[in-house]
Amino acid sequence: MSSAQWTEELAKPVQAYTSTSRDPYLNLSIEHDILTRSASDSLVLFLYVNRPSVIIGRNQNPWLEVNLPLLNPKREQAEIDPAGLGAVDLVRRRSGGGTVFHDEGNVNWTVICPRDQFTRDKHAEMVVRALRSCGIDRARVNERHDVVLDQGQVAGHPDPEDTHSTPYTMPGGDGPTPLKVSGSAYKITGTRRALHHGTCLLSSPNLRIIPDYLHSPLRPFIKEARGVESVSSPVGNILLDSDEFCTAVRNEFARMYSPGEKTPLRAIGEDLLKFGTVAAGYDELRSLKHTYEQTPRFVLSNESDELATTVVDFTIREGRFAHASVYRRGSEPKQIMEVDFPNSHGPKLHEMELLDPSADEGSESWEDALMPLWQGLASAESEKLVSWLRRTVRQGWQA
Amino acid sequence: MMASRAIQRLTTLSSRSLRPTWQQAPRTSHPTRTFCVGARAFEKKYTEDHEWIEIGSDGKTGTIGISTYAAKALGDVVFVELPTADLEVSKGETIGAVESVKSASDILSPVSGRITEANSVLEEKPGTINASPEGDGWLARIELSDVSETEGLMDSQAYTKFTEEAEEH
């Protein structure tokens, strides 16, 4: 496709695309290109599948949400328990909300519309109608704007058009917990466009190991984290063929926005990376700066390590060490020292002692990077703290 | 329609039950008004993107925030991305973003100028935007490069009418 053809596509009042790429950075960049460049009153559907990846929300903390050492296991780490999936990408998306795991067993659906037509439920309802048209009669939208499948026995006979209850919905929220099959996240731009996307779990083979990826070993040592924490929900596979799902969603989208007209799903993909706007978004999403340095402020601390007699609270701002506060534990905690790292120039947490021995560049030793701190402490105290950092902040190989 | 659904519909910016209530907001609560003595030279102006700006008594520094109407439509704000001081912006450019109920929403500058201060209260207490969107929940201060840009904005009466018309959609 030429740049002119893509621009022409983006000008159409109703557009439907499917991606041939499995690259999460590319698919999210294409999605962003559509969001920012499609005609202001246009309605767009975009369906795509990503290779195994962990996608965090715009204002989330990867050290808190993600098991970073598990993402890119290699060599001596290969015996990691439980067995992982090989390389898994970490992506910070541009929309809000929580962390989600993507793989070939789920289809990501996106609807972009004018802001004044947007509601948080509208397109979750669209997906529910699509699922029901495939015979998934337990599907409904819940109060968190997620799509869930009710479990259990028939409990009532609601209006079949009601996308917020099914015959299996128990009054008052009683009964077995519904299983989440698709979340929701949104981005609303200054150009008065609204994006709603979700990840529909159809047949992921990885449901058992996904929780291992989403439990951070660093979590006990992070406090006062600003930003957005994920809310975990029990999930389930719908057990639906992805082509069947895509066709049903396309049909429902077309019924809403272009009844009686043909709205074919146009295949797009890697080809679009040659366009400047897509390439710029792609480079940004892939950058470590975007992934790590957008992290809202938090404190990394060994306070919860009960054996530690010297406790240090590191304030991490924009992914960098900004401040360290050290005190001695005891019946009367005693402040030992405060260290300020130069404004916006402190060492980057994501560059500290990468597990990959080949990553000489950008991999700093704890001893060197936090020198101003060690200088004020007895060497035994310093050694203990370095050893704690080395044990705790284990970061995976970075792609 | 179920009650829970009615709450979700707030995101449409079109729920009848949610009249903007800023008309009743005590003007004295606004930080820039502390030094404002005598007759009001500049009144609060609004954009179609639901931001407000109020010019201080010096006639060239404005305080920017989002309207009560927008704050209600957004729902509980859990994170605010603030502009940094000295940022030069043009009218309509993004100066920040808020996250609420899984939505990341851009905030635009109603005017061109240089950001002089961001409201650091919002870093720790983002919910201040919901509690006091047109007072303590202000977002940033800006030194305007062209004060006449505010002339194209709506006054409170016009803005109320604008939001009421939006509701009728």
Side-chain angles (χ1 to χ4, degrees), chain A residues 35-36 57-61 92-98 100 114-122 124-125 141-146 158-159 162-165 173 183-198 224-231 294 296-297 317-318 343-344, chain B residues 1-15 47-51 66 70 73-82 84-85 89-110 120 122-127 162-163 165-169:
Chain A
L35 175 65
T36 49
R58 174 76 179 96
N59 298 309
Q60 289 204 290
N61 182 329
R92 182 189 295 278
R93 61 173 190 266
R94 298 170 197 274
S95 60
V100 59
R115 186 183 64 189
D116 60 10
Q117 290 179 35
F118 164 82
T119 75
R120 286 190 173 95
D121 275 339
K122 192 177 196 176
E125 290 166 357
V141 180
N142 75 2
E143 60 294 334
R144 288 181 44 80
H145 321 287
D146 294 331
D159 178 353
D162 181 354
T163 46
H164 293 252
S165 55
S184 281
Y186 314 92
K187 168 79 196 171
I188 299 171
T189 71
T191 51
R192 301 180 196 171
R193 299 284 281 162
L195 172 149
H196 180 180
H197 58 188
E224 298 168 37
R226 291 178 187 154
V228 177
E229 265 204 62
S230 297
V231 178
Q294 282 288 335
R297 191 208 85 118
R317 230 179 256 282
E318 297 178 348
N343 204 13
S344 303
Chain B
M1 179 162 296
M2 283 155 50
S4 65
R5 202 96 42 85
I7 291 163
Q8 286 153 9
R9 274 171 47 85
L10 301 188
T11 57
T12 61
L13 296 173
S14 68
S15 177
T47 70
E48 292 187 3
D49 292 299
H50 308 281
E51 288 96 14
I66 65 169
L74 286 170
D76 288 344
V77 173
V78 291
F79 186 73
V80 184
E81 208 176 318
L82 293 164
T84 46
V89 291
S90 304
K91 179 176 180 159
E93 253 180 2
T94 303
I95 48 162
V98 296
E99 176 156 349
S100 59
V101 202
K102 307 180 190 180
S103 310
S105 308
D106 290 338
I107 300 173
L108 309 182
S109 181
S120 57
L122 299 180
E123 287 178 7
E124 211 160 335
K125 295 193 170 107
F162 172 74
T163 55
E165 279 166 8
E167 284 174 18
E168 278 150 28
H169 268 299

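Since the model is a prediction, treat every value here as computed from it, not as a measurement. So that the names make sense, note that chain A is the first sequence line, chain B the second, and so on, each numbered from 1.
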With a 4.5 angstrom heavy-atom cut-off, is it the side chain or the backbone of B/E81 that approaches chain A, or both, or neither?
side chain
Under 4.5 Å from a heavy atom of chain A, the part of B/V80 involved
neither
Do [X] and [Y] make a side-chain contact, defined as non-hydrogen atoms from C-beta onward lying under 4.5 Å apart?
{"X": "B/V101", "Y": "A/R144", "answer": "no"}
{"X": "B/K102", "Y": "A/R120", "answer": "no"}
{"X": "A/R226", "Y": "B/E123", "answer": "yes"}

Considering only heavy atoms, which portion of [X] lies under 4.5 Å from any heavy atom of chain B: side chain, backbone, both, or neither?
{"X": "A/T189", "value": "both"}
{"X": "A/R94", "value": "backbone"}
{"X": "A/Q294", "value": "side chain"}

Take atom CD of B/E124 as the centre, draw a 6.0 Å sphere, and report whether it contains more than 12 heavy atoms from other residues, nucleotides or ligands.
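At most 12 heavy atoms, drawn from other residues, nucleotides or ligands, come within 6.0 Å of this atom.
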Hey, is NZ on B/K91 packed in by over 12 heavy atoms from elsewhere, all under 6.0 Å?
yes
Might you work through the side-chain contact (heavy atoms from CB on, under 4.5 Å) test for A/E229 and B/V78, ending with a clear yes or no?
CA-CA 10 Å; A/E229 265 204 62; B/V78 291; over 6 Å; no
How far apart are the closest heavy atoms of A/Y186 and B/S103, and which atoms are they?
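It is CD1-OG, 3.3 Å.
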Which atoms form the tightest heavy-atom contact between A/S95 and B/A104, and what is the distance?
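What the structure gives for the nearest pair is C-CB, 4.1 Å.
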Relative to chain B, which of [options] shows the most heavy atom pairs under 4.5 Å?
{"options": "A/V228, A/I188, A/T191", "value": "A/I188"}
{"options": "A/R192, A/H196, A/R58", "value": "A/R192"}
{"options": "A/G98, A/G183, A/S184, A/A194", "value": "A/S184"}

Just by modelled atom types, is the A/G97 backbone N or O under 3.5 Å from a matching donor or acceptor in the B/E99 side chain?
yes
Counting heavy-atom pairs under 4.5 Å with chain A, the top scorer among B/A97, B/G92, B/S100, B/G75 is B/S100
